[in-house]
Amino acid sequence: MLLARFGRRIAAETRIDSLLTIIAEEVRHILGADRCSVFLIDHDKHELWTKVALGVGEKVLRVPMGQGIAGFVAKTGSAVNIRDAYRDRRFTQDLDKLTGYQTKSLLAVPLKDREGKALGVFEVLNKSKGPFNDEDEGFLRILAAIASSSIENARLYENLRRSHLETIYRLAMVAEYRDQQDTASHLRRISKYTAIISAQLGLAYDLVEDLRYASPLHDIGKVAIPDAILLKPGKLTPDEYEEMKKHPVYGAKMLEGAESRLLKLARNIAMAHHEHWDGTGYPHGLKGEEIPLEARIVSVVDVFDALTTRRVYKGAWTMDETFQYMHDQSGRLFDPAIIDAFHQCKPQIEEMCLDERARDSQEATA
Ligand code: C2E
Ligand code: SIN
Ligand code: SIN
Ligand code: FE
């Protein structure tokens with residue numbers, strides 16, 4: 001019964017912090033323990049730190065490797081079950097002194113990866129009735145195995161996701177490389193503006209993160225535009241502009257049929273980031289909510305960034321001029337709801353621009 005509920009709770013959870021917290025909460029509940037902590041090993045600092053510490057407030061507890069019961073368990077890989085911690089020489093009262101707590105019974109089992117290498121320690125304190133027994137220990141070992149494989153999976157997943165996102169970013173760099181001297185910071189700004197506005201619009205965290213990484217691909221189709229047009233220092237002729245206006249369709253073709261949500265968003269953004277709210281944009285003349293939300297957001301971000309930075313064909317506008325222009329174009333080029341969110345984020349956006357400029361000049365002198 002308890003285990004069934006527990007199984008459902010962890011199956012629904014993919015983020016490692018919430019997952020470990022749920023595991024710790026259930027363990028504390030099922031074993032009737034007062035406190036429950038998950039310690040992880042920090043190899044660089046040579047210490048254990050609490051990833052989760054229930055019943056300790058917000059504090060992160062740290063123990064040097066090899067010290068205390070937790071340190072002993074991490075080092076030796078064997079479990080420890082004691083009735084009265086203060087009578088065990090391995091126990092250190094340092095943490096109790098820090099938290100104003102008195103440990104009595106204590107059960108601690110190691111967390112190990114697939115190869116048996118120590119990851120950390122799972123510890124419960126002060127059982128409400130009597131000492132921890134063998135059954136409690138067996139149960140904690142099973143949960144420790146689940147927690148260990150979750151930690152390992154989360155690390156593998158994190159690594160995979162990071163390499164995936166890095167690849168996407170570099171793909172975007174390839175597309176913009178010819179076009180701008182400051183490709184990297186341009187893409188960083190596009191990412192950050194998009195995330196700031198999307199969060200302000202109240203979109204879910206995971207969607208905001210996908211948009212953060214999908215947005216830099218909006219101009220991927222520009223790789224198919226000839227240098228003579230893309231790099232032209234002056235105004236484009238009508239024919240040249242017609243050619244340039246194909247970049248959304250080229251980009252969408254490159255991303256067509258993608259299966260991940262992130263790349264599907266990127267495809268919609270590539271296709272529709274030059275559509276206008278009033279239907280006067282290209283390539284399809286879509287109007288209002290016919291334009292996917294993700295593309296409406298990036299269209300605001302794209303124009304804002306194009307205006308506030310220098311291009312081969314134009315100088316940079318000031319922040320205030322640009323905000324004024326964006327405001328004037330609300331309901332014409334842009335979705336009014338997104339322009340509202342954009343204006344609410346003005347302080348964050350300005351601050352981010354200053355940070356980026358400082359970073360650029362640092363990189364330039366480095
Ligand atoms: P981009 O430079 O990144 O500009 C993106 C969008 O920002 C433009 O889409 C436009 O909506 C807005 N924007 C950029 N500069 C200005 C400006 O000076 N005034 C105003 N009001 N809006 C501006 P658009 O016009 O569809 O252009 C798409 C892309 O075509 C541009 O991307 C750029 O790569 C190229 N492009 C547009 N006009 C010219 C031009 O006169 N010369 C050259 N060499 N390229 C141009
Ligand atoms: C110890 O592992 O020695 C102390 C653990 C604790 O108080 O949480
Ligand atoms: C960019 O190169 O910064 C975006 C241009 C566009 O949207 O066409
Ligand atoms: Fe574009």
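Note that ligands are numbered from 1 as they come in the structure, with each ligand's atoms numbered from 1 the same way.
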Per-atom contacts, ligand 1 versus [X] - under 4.0 Å to a heavy atom:
| X | result |
| --- | --- |
| K314 | 15 (N), 16 (C), 17 (C), 18 (O) |
| K235 | 41 (O) |
| D302 | 5 (C) |
| Y282 | 24 (P), 26 (O), 27 (O), 28 (C) |
| L236 | 36 (N), 39 (C), 40 (C), 41 (O), 42 (N), 43 (C), 44 (N), 45 (N), 46 (C) |
| K232 | 43 (C), 44 (N) |

- Message: Under a 4.0 Å threshold between the charged nitrogen and the carboxylate oxygen, would E166 count as salt-bridged to R162?
- Response: no
- Query: Hey, is K245 close enough to E242 for a salt bridge, meaning N to O under 4.0 Å?
  - Reply: yes
- Message: For ligand 1, which is the ligand I care about here, please tell me if D219 has any N or O atom under 3.5 Å from one of the ligand's N or O atoms.
- Response: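 No, there is no polar N/O contact under 3.5 Å.
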- So is there a nitrogen or oxygen of H247 less than 3.5 Å from a nitrogen or oxygen in ligand 1? no
- Message: Measuring from atom 24 (P) of ligand 1, which candidate in Y325, Y241, W317 has the nearest non-hydrogen atom?
- Response: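 The residue whose heavy atom sits nearest atom 24 (P) of ligand 1 is Y241.
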- Task: Look at atom 7 (O) of ligand 1 and find which of G281, G234, A306, A228 reaches it with the closest heavy atom.
- Result: A306
Between [X] and [Y]: side-chain donor-acceptor atoms closer than 3.5 Å:
| X | Y | result |
| --- | --- | --- |
| R311 | T309 | yes |
| H273 | N268 | no |
| Q324 | D328 | yes |

- Message: Between F39 and W49 (judged by ring centroids, cut-off 6.0 Å), do the two rings come close enough to count as a pair?
- Response: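 For F39 and W49, the ring centres are not under 6.0 Å apart.
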- Is the F323 to F304 ring centre distance short of 6.0 Å?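 Between F304 and F323, which both carry aromatic rings, the centre distance is below 6.0 Å.
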- Note on the structure: Answer key: the N, O or S atom of H273 nearest to the Fe ion (ligand 4) is NE2
- Message: Report the atom name of the nearest N/O/S atom of D219 relative to the Fe ion (ligand 4).
- Response: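 Result: OD1.
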- Message: Heavy atoms only, cut-off 4.0 Å: how does L231 contact ligand 1, side chain, backbone, both, or neither?
- Response: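 The answer is neither.
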- Message: Heavy-atom pairs closer than 4.0 Å: do any link ligand 1 to the side chain of K245, the backbone, both, or neither?
- Response: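 The answer is neither; K245 stays 4.0 Å or more away.
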- Face-on cation placement of R35 at Y101 ring, 6.0 Å and 45° thresholds: yes
- Task: Answer with yes or no whether K222 contacts ligand 1, where contact means a heavy atom under 4.0 Å from a ligand atom.
- Result: yes
- Any chain of hydrophobic side-chain contacts (each under 4.5 Å) joining V223 to V249? no
- What do you reckon, is CG of D227 surrounded by more than 12 foreign heavy atoms closer than 6.0 Å? yes
- State whether H274 contributes an N/O/S atom found under 2.8 Å from the Fe ion (ligand 4). yes
